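Accompanying notes for the structure given below.
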2 protein chains.
Amino acid sequence: MESSRSDQIASLLEEQILTGRFAPGARLDEVSLAEEHQVSRTPIREALQRLLLSGLVEHTPRRGVFVRQASAVEIMEMFEVMAELEAACGRLSAMRSSEEAVERLRHVNAGCREALKNGDADAYYEENGAFHHLIYAQSGNRFLENETARLHRRLKPYRRMQLHLRGRMQQSMDEHDGIVDAIAKGKAEVAAELLRGHVGVQGEKFHHLLQQLRLDKTG
Amino acid sequence: MESSRSDQIASLLEEQILTGRFAPGARLDEVSLAEEHQVSRTPIREALQRLLLSGLVEHTPRRGVFVRQASAVEIMEMFEVMAELEAACGRLSAMRSSEEAVERLRHVNAGCREALKNGDADAYYEENGAFHHLIYAQSGNRFLENETARLHRRLKPYRRMQLHLRGRMQQSMDEHDGIVDAIAKGKAEVAAELLRGHVGVQGEKFHHLLQQLRLDKTG
DNA sequence: GTCAATAATATTGTATACAAGAACTACAGA
DNA sequence: TCTGTAGTTCTTGTATACAATATTATTGAC
């Protein structure tokens, strides 16, 4: 079941869905996929099974598997949960962080600042991801780390939209500094609150995301 | 994939694992299960796939699927995440609760009190579950509701241990009252804090759970 | 008697075959 | 032109067959 082939195929399909090769609503045809991957239908079906639980696709009996069309509401809900999970990571990180951990956080954050200075959005995107994943890890709770990373991954396509908001990179950077500071000083509630605000989608971010989702739908 | 048979089998297997028919570490033999359910190996494999992502079982290539032996550390981690998710539900519930919602919460809580008065642990367990699920729902975030319910379900076998702690039912009940009160008054942070403490495993609860896990392992 | 090597066995992973149900098309009638 | 129906085709869901690998048993040497 985690057999090499179906495992690889599952990862690949997930990646392709997230990066938009399969548009929302598209059907994942078993025979086409089988031909494409030079394999029988069986491993394809096993791979599709794996995607089901992740919420990326949905299945209608006797109809097939379709790429899930997440509604705007649903996406907002996921961001809200994301904010809460990140807040939890932040709280625990602040409670448990060592001097060394803080140092690593500062180092990654410096990478963000560097990317911002260069105006390199892609690099910032990468460094920003590393920054957040580091906070997940420093929560000291592996389970929380995995769950948070899972949702992070799930929201990937929508998060990218956010960065293109005018001035968002600079604001994001400022928020990072505050977060690092709170964690360094062991201020758990402050760290949680800052991360919740940092990740959450309110105000202008909210409208921007809504607009992007609408554009995405019509065009 | 959500085909009637493999779907039913997946749910059944999950239930059986959670209720302990398959001990942790046990192998889930495809042919035995196929015979038992009067079906070929194919639907069994599809059902096992579904269990993989939930973390209930793990798979070793060319070896088979085994019921996952969650370590004590892992269980503690899950409880910690549970506490955070419940806190999030509580916060959002408090922010969004209507008069009617609070009324329903009070009603279910009265059911808990009734069960406590009768000293009926099973009934309390049921009512307590309903109480918490209601809070999940009243968060107004379906995604959060589902994710929280999922973890709640996952922790079911371990939560049952907790209730047998001497005096735990009464204490749990007292905490419920405070939670309802906070939600009713829209005190988001208080509700969150109370729920985090209510669900979290610290102090005596911690030692009790650890002890139970050890007993469970040896005997 | 113990260990190692090899053969036998069993179990998973994949392919293919078949059955049941859904979607689509063609055609008749209004 | 639109609608309803019957038949065809296509796709999924399940069973079975086969291949590859892991496990176990057996045999032989020391």
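Since the structure is predicted, the reported quantities are computational estimates derived from the model, not experimental observations. Residue numbers start from 1 in every chain, and the chains themselves are labelled A, B, ... in the order their sequence lines are given, proteins ahead of strands.
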*Under the ring-ring contact (aromatic ring centres under 6.0 Å, His included) rule, collect the residues that match up with F79(B), sequence neighbours excluded.*
none
_Under the rule for salt bridge (Lys or Arg N to Asp or Glu O under 4.0 Å), what residues qualify as partners of R27(B), not counting sequence neighbours?_
D29(B)
*Which whole-number value in Å describes the distance from E46(B) CD to dT12(D) P?*
12 Å
*What is the distance, rounded to the nearest whole Å, between atom CZ of R27(B) and atom C1' of dT23(D)?*
10 Å
_Students often get this wrong, so: under 4.0 angstrom with heavy atoms, is V39(B) touching a base, only sugar-phosphate, or nothing?_
sugar-phosphate
*Please give, in whole Å, the distance from dG13(D) P to I9(B) CD1?*
14 Å
*For atom CD of E35(A) and atom P of dT11(D), their distance in whole Å*: 10 Å
*Atom CG of L48(B) and atom C1' of dT14(C): how far apart are they, to the nearest Å?*
16 Å
*Counting just side-chain N and O atoms, does H59(A) come under 4.0 Å of either OP1 or OP2 of dG13(D)?*
yes
*Counting N and O atoms only, with roles assigned by atom type, does the side chain of N141(A) sit under 3.5 Å from a partner on the main chain of E77(B), one being a donor and the other an acceptor?*
yes
_What is the separation between atom CD1 on I44(A) and atom C1' on dG13(D), rounded to the nearest whole Å?_
16 Å
*If only side-chain N and O atoms of R63(A) are considered, is one of them under 4.0 Å from the OP1 or OP2 phosphate oxygen of dG21(C)?*
no
_R5(B) CZ - dA20(C) P separation (whole Å)_ = 12 Å
Collect all protein-nucleotide pairs involving nucleotides 16-21 of chain D in which both atoms are nitrogen or oxygen and the distance is under 3.5 Å.
{"from": "dA20(D)", "atom 1": "N3", "to": "R62(B)", "atom 2": "NH1", "distance (Å)": "3.2"}

*Whole Å only: how far is the CG atom of L33(A) from the P atom of dT11(D)?*
12 Å
_Can you pull out every salt bridge (charged side-chain N to carboxylate O under 4.0 Å, His left out) where at least one residue sits in residues 142-151 of chain B? Sequence neighbours excluded, please._
E147(A)-R150(B), R150(A)-E147(B), R142(B)-E145(B), E147(B)-R150(B)
*Contacts of type ring-ring contact (aromatic ring centres under 6.0 Å, His included), residue F143(A), not counting sequence neighbours*: none
_With H176(B) via side-chain hydrogen bond (donor to acceptor under 3.5 Å, both in side chains) - residues at least two apart_ = N109(B), N128(B), H198(B)
*How far does the helix from dG1(C)-dC30(D) to dA30(C)-dT1(D) bend, going by the axes of its first and last five pairs, to the nearest 10°?*
0°
*asked:* Can you tell me how far apart CD1 (I135(A)) and OG (S93(A)) are? Round to the nearest 0.5 Å.
replied: 6.0 Å
*asked:* Which residues pass the ring-ring contact (aromatic ring centres under 6.0 Å, His included) test with H133(A), not counting sequence neighbours?
replied: Y136(A), H152(A)
_Please tell me if R45(A) has a side-chain N or O lying less than 4.0 Å from either OP1 or OP2 of dG13(D)._
yes
*asked:* Enumerate the side-chain hydrogen bond (donor to acceptor under 3.5 Å, both in side chains) contacts for residues 94-105 of chain A, please, sequence neighbours excluded, ordered by first and then second residue.
replied: R96(A)-E80(B)
